[in-house]
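Below you'll find the structure, written out as structure tokens, and then a few comments.
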Amino acid sequence: MNMAAKIRARRNEARTRKAVNRAIEQAATPAMRHELIAISQRQSFSR
């Protein structure tokens with residue numbers, strides 16, 4: 001992986017992390033918040 005690809009990947013991960021955090025903060029119910037947290041945790045371990 002070259003340097004440009006690493007930078008793009010890092011920016012993409014940061015953008016995704018911000019979007020997930022925003023979704024968790026704006027979740028309509030605590031159950032939805034917990035579900036989003038669980039999904040994001042599962043996604044981070046699948047790499």
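Here CD of Q41 is found 11.0 Å from CG of L36. Values are rounded to the nearest 0.5 Å. With rounding to the nearest 0.5 angstrom, the CD atom of Q26 is 11.0 Å from the CG atom of N21. For the atom pair I37 CD1 and R33 CZ, the distance stands at 7.5 Å (nearest 0.5 Å).
Using a 4.5 Å heavy-atom threshold, the side chains of I7 and R10 count as separate.
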